[in-house]
2 protein chains.
Amino acid sequence: MTSSKESGNLKIALAQINFLVGNIAANVDNIIKAAYTARDELGADMIVFPELIVTGYPAEDLLFRADFIEEANNAIHHIAESVNDIALVVGFPELADGKLYNSAVVLHQGVTLACYRKQALPNYGVFDERRYFTPGNQPCVFEFNGNFIGLTICEDVWQEGIIAANKQAGAELLLTLNASPFNVGKMQQREAVICSQVKAAQIPLVYVNQVGGQDELIFDGASFVADAQGEIVYRAEEFQEYLGVVEFKDNQPIPTTCVPLDERIASVYHALVLGVKDYVRKNGFSGAILGLSGGIDSALVLALAVDALGNDKVEAVLMPSRYTQDMSNEDAALEAEILGVKFHTIPIEPAVSAFTGMLAEVFAGTKKDTTEENIQARCRGVILMAMSNKQGLLLLTTGNKSEMSVGYATLYGDMAGGFAPIKDVPKMLVYQLARYRNSISPVIPERVIIRPPSAELAPDQVDEDSLPPYEILDAILERYVEKDQSADEIIAAGFSREHVVRAISLVDRNEYKRRQSPPGIRITTRAFGRDRRYPITSGYRGIKTVNQDHDNQPQDNSEISTKEKT
Amino acid sequence: MTSSKESGNLKIALAQINFLVGNIAANVDNIIKAAYTARDELGADMIVFPELIVTGYPAEDLLFRADFIEEANNAIHHIAESVNDIALVVGFPELADGKLYNSAVVLHQGVTLACYRKQALPNYGVFDERRYFTPGNQPCVFEFNGNFIGLTICEDVWQEGIIAANKQAGAELLLTLNASPFNVGKMQQREAVICSQVKAAQIPLVYVNQVGGQDELIFDGASFVADAQGEIVYRAEEFQEYLGVVEFKDNQPIPTTCVPLDERIASVYHALVLGVKDYVRKNGFSGAILGLSGGIDSALVLALAVDALGNDKVEAVLMPSRYTQDMSNEDAALEAEILGVKFHTIPIEPAVSAFTGMLAEVFAGTKKDTTEENIQARCRGVILMAMSNKQGLLLLTTGNKSEMSVGYATLYGDMAGGFAPIKDVPKMLVYQLARYRNSISPVIPERVIIRPPSAELAPDQVDEDSLPPYEILDAILERYVEKDQSADEIIAAGFSREHVVRAISLVDRNEYKRRQSPPGIRITTRAFGRDRRYPITSGYRGIKTVNQDHDNQPQDNSEISTKEKT
């Protein structure tokens with residue numbers, strides 16, 4: 001056991017730990033255990049935990065439960081009494097005078113040295129902090145071993161002024177507790193924004209982020225320490241738990257390990273693997289099951305599932321129909337074989353025939369349409385759900401973001417499942433991720449990557465019969481969904497009116513379908529989850545008709561009916 | 001055309017109108033049309049519209065679209081230029097200096113007399129106004145025809161102080177623009193809260209609420225005028241459009257029509273009818289379809305659908321299995337016949353047999369469990385969705401709130417559908433609504449009301465095999481879900497530990513299932529929608545196990561798998 005007890009010197013541990021929302025007792029045990037390890041094995045004087053770590057983040061409306069808040073506040077006393085000879089900086093929902101604060105408390109030798117209340121409460125995107133918390137209104141600087149240390153929480157350091165205010169209040173070193181979710185490019189953005197403020201204020205900063213998957217959100221970790229010049233002098237591994245330590249001499253950090261940030265595609269892949277792993281593990285599933293079609297989406301999800309859970313925890317099901325090409329069956333089987341995954345083949349014809357017969361009378365005289373395609377997809381849904389139910393395996397949904405956007409999927413059919421790993425991954429990025437995964441070891445057959453995508457629900461069907469080419473569709477969707485651009489803006493940027501009209505009207509009309517989709521992993525700046533809250537009943541049309549006739553009739557949006565694969 | 005032009009006299013029209021979220025052009029036309037009617041037919045000097053009526057409420061994340069906000073702001077100029085000789089008070093999202101306000105503008109003879117910015121922005125329950133708007137910080141009193149009139153918007157008049165501040169700022173009369181959603185008892189609560197403030201401040205108040213269904217929410221209207229003593233001197237019809245007018249002499253309203261408020265059960269029934277009607281109409285469906293089981297839930301939904309849409313717009317499907325009792329088929333057919341609704345009978349056996357055969361090999365050696373029950377429910381889901389798809393009819397889901405709470409329903413089976421009318425109606429209230437509907441004219445056979453409820457997915461199955469009796473279950477659920485009481489509190493209130501443990505653990509473990517349920521009509525103070533935001537991945541357990549062992553293992557919540565009807 002070594003500890004830097006000379007005045008002015010300080011060893012700070014960064015607890016980048018994966019916690020479970022709602023399980024306060026287990027989280028407290030983990031906090032105490034990490035503090036012991038930091039003190040006894042790393043010689044730390046202080047350990048900093050992420051934002052709201054006692055309850056997990058985001059605890060959402062659990063924060064309205066009096067029993068839950070009481071347990072969280074009692075937990076702080078328990079932690080304080082349980083650990084000595086190291087200071088703990090812990091995030092928790094502080095109840096005071098009937099108000100709830102998002103707070104960071106400093107505990108040392110059984111007493112509270114300081115307690116800071118978060119000032120900047122994000123209430124945009126996936127965040128609803130104004131729903132729960134009252135904002136604090138002042139900085140909090142405390143003295144520890146002769147050092148003056150300021151406390152901040154997440155959004156605080158993204159806003160102008162709060163870092164500088166801490167410096168002004170006498171802080172020589174800043175701690176930041178975070179629950180900052182991943183999206184593509186987020187780590188780079190985070191370091192750039194925060195380090196530029198650090199540099200301006202000339203104050204070193206310790207940034208501790210949680211790690212792990214929580215429903216839609218992935219917390220990537222990537223905790224770091226910046227010196228007063230805004231240079232990163234320490235960075236923890238991304239996407240995994242890590243208990244690091246950084247030594248400070250006279251408040252200046254001594255440079256140490258600096259794990260480089262993942263490249264763009266690699267970071268998405270790692271986020272998806274962590275997301276699948278944590279959803280399965282934290283929800284107590286014994287493994288996962290999925291349908292393998294021979295297409296690129298299910299091939300990628302299979303690889304992700306195996307990388308997350310191991311091939312002995314994953315089962316695949318091939319469910320060919322009369323429209324399934326031989327190469328689809330061959331490639332699907334090959335994918336399972338390469339990865340060593342148990343698979344079953346269950347042709348869907350008997351069920352499709354049964355339904356066709358049962359509906360013959362009511363459908364007499366009608367034409368074939370998407371109804372018949374949807375029946376096929378739903379027969380597969382019934383099979384997969386039955387196998388999931390019987391074995392307690394999580395059914396993984398294999399649809400991508402491009403499909404989700406335009407509703408090119410069947411409710412209760414290929415949309416069935418408990419978790420949708422690539423729900424926020426646009427089709428073109430699916431291809432990039434497949435190539436990335438194959439660059440590590442070849443698991444997805446080349447033919448799966450190069451053949452034209454098809455739902456195989458009708459003879460010789462390909463996706464481009466119904467949709468613009470994916471490279472165009474994805475670019476339009478990014479502008480419309482993520483950047484809120486209008487149709488006119490997108491057309492002005494060089495896209496054809498026909499493609500824009502088609503894509504946008506499908507996005508507008510398929511909100512009802514997305515509302516019933518399983519949760520999936522958020523990797524962009526705007527996923528179809530808590531991120532994008534659109535009414536289903538809506539007269540808004542991103543694209544105006546040429547002869548706009550404003551009568552008082554209800555919108556003709558009969559496409560909002562439950563037709564799919566339109 | 002008559003108008004009260006003597007100074008001090010004023011005729012104010014209350015525009016309780018049903019608008020469409022997102023369709024600004026149509027809303028503007030309706031605003032202008034209502035203003036003409038108020039001026040020319042009612043002799044009004046001023047017409048007051050509901051909150052944010054230009055965009056509809058709630059427009060949710062449409063408010064982030066620059067094109068949408070620009071259109072809404074331009075619309076105000078268009079309205080001002082289009083109507084003369086009557087003042088219009090209109091709610092709209094005001095864009096000023098890059099900030100968005102929830103504002104009320106007064107337009108008269110082409111110019112803006114005043115513009116008020118809502119100060120109290122609700123960010124709880126179903127409301128997310130801090131996500132979009134910046135709060136205003138001062139009252140707004142304007143002069144019109146010699147009268148000094150204050151402006152307030154919805155939440156403003158629920159909070160202490162804002163009514164009084166208007167009086168202090170010189171207002172002699174207060175206008176309130178609202179989008180206040182219904183729940184049981186809300187109208188009574190609304191009048192009590194607001195009139196007590198009115199009485200205290202001694203200022204008369206004109207309260208205009210919108211009417212209509214918007215996804216989960218029902219706006220009940222019930223617009224009113226209170227005099228300075230807080231007495232209601234005018235009240236509009238509930239649950240329907242109404243353009244009323246009240247005359248003021250020296251700022252005192254002259255008492256006029258005062259439609260009494262609905263009784264509790266009648267108000268719920270009317271809310272549900274309006275909700276079904278508006279969801280179908282505003283989303284452009286030609287009608288609705290539903291499965292009729294012979295049980296009370298589908299019987300009630302059929303009656304609601306017929307009352308909302310007419311019997312020629314509703315179709316029913318009977319889908320018996322080997323476990324369906326004869327009386328179920330008889331009663332279901334009788335319900336359709338009494339209401340004059342077209343119905344089909346499609347036995348599900350062929351599809352169930354097909355799936356049983358297809359799964360025989362993979363299920364070899366396993367025991368029968370809920371999997372086989374779910375297959376039956378899902379075969380019905382496939383049939384109903386196919387008929388919905390083929391005809392463009394909205395599939396109504398028939399599940400109630402008690403089932404939704406404890407997960408006693410099959411995902412993609414009886415949970416399939418586009419809209420769930422009684423999703424927020426607890427089972428005991430379902431019975432009361434059935435009796436209420438029968439009191440108007442008998443449409444639900446008595447046997448359906450008195451027989452023990454059953455899912456009929458296994459021989460001689462009744463709901464109470466799996467669940468506490470509904471009168472107990474509903475009482476526990478109200479305390480746990482709506483009032484956030486802890487298990488200990490509920491047990492202390494006199495409920496058996498066994499029932500509380502069973503009910504609460506089912507609620508906790510079935511969040512994943514509710515997340516994929518269709519939207520339904522909110523009638524309580526906490527529906528399973530935007531109202532209750534719980535994590536799926538959660539270690540919180542409302543009920544603690546007796547020997548609580550806080551280890552670091554993931555929770556054993558394997559029931560969170562996709563098993564249903566547990």
Side-chain angles (χ1 to χ4, degrees), chain A residues 20-23 25-26 29 60-62 64-65 67 123 130-131 214-215 281-284 344 346 350-351 354-355 358-359 362 366 371 374-375 378 381-382 385-386 388-390 392 412 416 418 484 486 516 532-540 550 552 554-558 560-563, chain B residues 20-23 25-26 29 60-62 64-65 67 123 130-131 214-215 281-284 344 346 350-351 354-355 358-359 362 366 371 374-375 378 381-382 385-386 388-390 392 412 416 418 484 486 516 532-540 550 552 554-558 560-563:
Chain A
L20 182 59
V21 163
N23 194 334
D29 282 353
E60 305 188 61
D61 283 6
L62 288 172
F64 291 143
R65 304 199 71 91
D67 59 336
N123 207 68
R130 296 298 296 254
R131 183 174 172 88
Q214 171 61 28
D215 291 350
R281 180 177 70 86
K282 293 181 178 180
N283 287 303
H344 315 271
I346 304 180
F355 284 117
M358 292 156 73
L359 289 162
V362 292
T366 66
T371 304
N374 290 332
I375 288 174
R378 292 197 179 108
V382 174
M385 286 302 290
S388 162
N389 287 175
K390 189 63 95 182
Y412 324 136
D484 285 330
S486 69
Q516 292 189 43
R532 188 180 192 267
R533 306 178 189 176
Y534 267 58
I536 297 175
T537 305
S538 170
Y540 174 78
H550 302 138
N552 302 326
Q555 298 295 299
D556 173 29
N557 46 2
S558 53
I560 206 179
S561 78
T562 35
K563 283 184 194 161
Chain B
L20 182 60
V21 163
N23 195 334
D29 282 353
E60 304 187 59
D61 284 6
L62 287 172
F64 291 142
R65 303 199 73 91
D67 58 337
N123 207 66
R130 297 299 296 255
R131 182 174 171 88
Q214 171 61 27
D215 290 351
R281 180 177 68 86
K282 292 182 178 179
N283 287 302
H344 315 269
I346 304 179
F355 283 117
M358 291 156 75
L359 289 161
V362 291
T366 65
T371 305
N374 291 332
I375 288 173
R378 292 198 180 107
V382 174
M385 287 301 292
S388 162
N389 287 173
K390 189 63 93 181
Y412 324 137
D484 285 330
S486 70
Q516 292 189 44
R532 188 180 191 266
R533 306 179 189 175
Y534 267 58
I536 297 176
T537 304
S538 170
Y540 174 78
H550 302 137
N552 303 326
Q555 299 294 299
D556 173 28
N557 46 2
S558 54
I560 206 176
S561 78
T562 33
K563 284 183 192 162

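What you see is a predicted model, and the numbers here were worked out from it, not measured in a lab.
Heavy-atom distances place the side chain of A/Asp67, and not its backbone, under 4.5 Å from chain B. Interface residue A/Tyr534: backbone and side-chain heavy atoms are both found under 4.5 Å from chain B.
Shown are A/Val362, A/Leu359, A/Thr371, A/Asn374; of these, the side-chain contact (heavy atoms from CB on, under 4.5 Å) with B/Lys390 is made only by A/Thr371.
Across every non-hydrogen atom of A/Glu60 and B/Arg533, the tightest pair is CB-O, 3.0 Å. Heavy atoms only, all atoms of each residue included: A/Ala354 and B/Pro350 are closest at CB-O, 3.7 Å. When all heavy atoms of A/Gly22 and B/Ser538 are compared, the pair lying nearest together is CA-OG, 4.3 Å. In terms of heavy-atom proximity, A/Asn389 sits nearest to B/Arg378 at OD1-NH1, 3.3 Å.
Of the residues considered (A/Ile346, A/Thr366, A/Leu62, A/Ile375), A/Leu62 shows the highest number of contacts with chain B, using heavy-atom pairs under 4.5 Å.
For the pair A/Asp215 (side chain) and B/Pro535 (backbone), a donor-acceptor distance under 3.5 Å is absent.
Under the 4.5 Å side-chain criterion, counting only non-hydrogen atoms from C-beta, B/Thr537 is not in contact with A/Val21.
Distance check, rounded to the nearest 0.5 Å: CZ of B/Arg65 to CG of A/Asp484 gives 4.5 Å.
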